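Notes follow once the structure below has been shown.
Here the structure is a predicted model, which is why all the values come from computation and not from measurement.
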Amino acid sequence: MPNSYDPTKDPLNGVAGGATIVAKNVAAVTPSDTLDLATYARAVRVYVPATLTEASVRVTPLLASDDAATATLKFSPGAWIEPIAIRRVWATGTTAGVEIHAVVA
């Protein structure tokens, strides 16, 4: 699969990265095996309910070499901020019942 990075979906394209992520806006994420996020995420907030012992969230990192280059992130119950820029959250490989928000700016 080719790299489908679209700079028009990246609100911080061309801006130097930093160690601090300040959330100015978030968007609820519906995982999809075919669609990238409408606006790429600078980080993700994941909430895993106590009814789960562990959860997985499969993502495509922002600058992955191609769309098949995914990473599966593992989380225990609670709320987590994962400081990874992503362009897709996959339905396949993502645990049902997990709440995901994208930090978009």
Looking at CG of L73 and CD1 of I84, how far apart are the two atoms once the value is rounded to the nearest 0.5 Å? 5.5 Å
Looking at every heavy atom in both A71 and P61, which two are closest together, and how far apart are they? N-CD, 4.5 Å
Hydrophobic clusters here meaning ILVMFWY residues chained together by side-chain heavy-atom distances under 4.5 Å, can you tell me if V59 and F75 are in one? yes
Main-chain N/O of A91 paired to D33 side chain as donor or acceptor, under 3.5 Å: yes
Are W90 and Y47 connected into the same hydrophobic cluster when the rule is that any two of I, L, V, M, F, W, Y join if their side-chain heavy atoms are below 4.5 Å apart? no
Over all heavy atoms of both residues, which pair between A69 and A64 is shortest? Give the atoms and the distance, please. O-CB, 3.6 Å
Is Y40 close to I86 at the side-chain level, that is, under 4.5 Å between some pair of heavy atoms? no
Closest heavy-atom contact between L62 and R42? CD2-NH1, 3.6 Å
Are E82 and R45 ion-paired here, with the side-chain N under 4.0 Å from a carboxylate O? no
Given side-chain contact (heavy atoms from CB on, under 4.5 Å), test T94 with V89 step by step and report yes or no. CA-CA 8 Å; T94 296; V89 176; 4.0 Å; yes
Can you give me the closest heavy-atom contact between L52 and P77, atom names plus distance? O-CG, 2.8 Å
State plainly whether the residues D67 and R87 are in salt-bridge range, i.e. N to O under 4.0 Å. yes
Looking only at heavy atoms, what is the nearest atom pair of S56 and K74, with distance? OG-NZ, 3.0 Å
Give me the one residue out of T72, T92, T70 that meets side-chain hydrogen bond (donor to acceptor under 3.5 Å, both in side chains) with R58. T70
Checking salt bridge (Lys or Arg N to Asp or Glu O under 4.0 Å) against R88, which of D36, D6, D66 comes through? D36
Positive for side chain to side chain contact (heavy atoms under 4.5 Å, CB included) with V57, one of V48, V29, T95, V46: V46
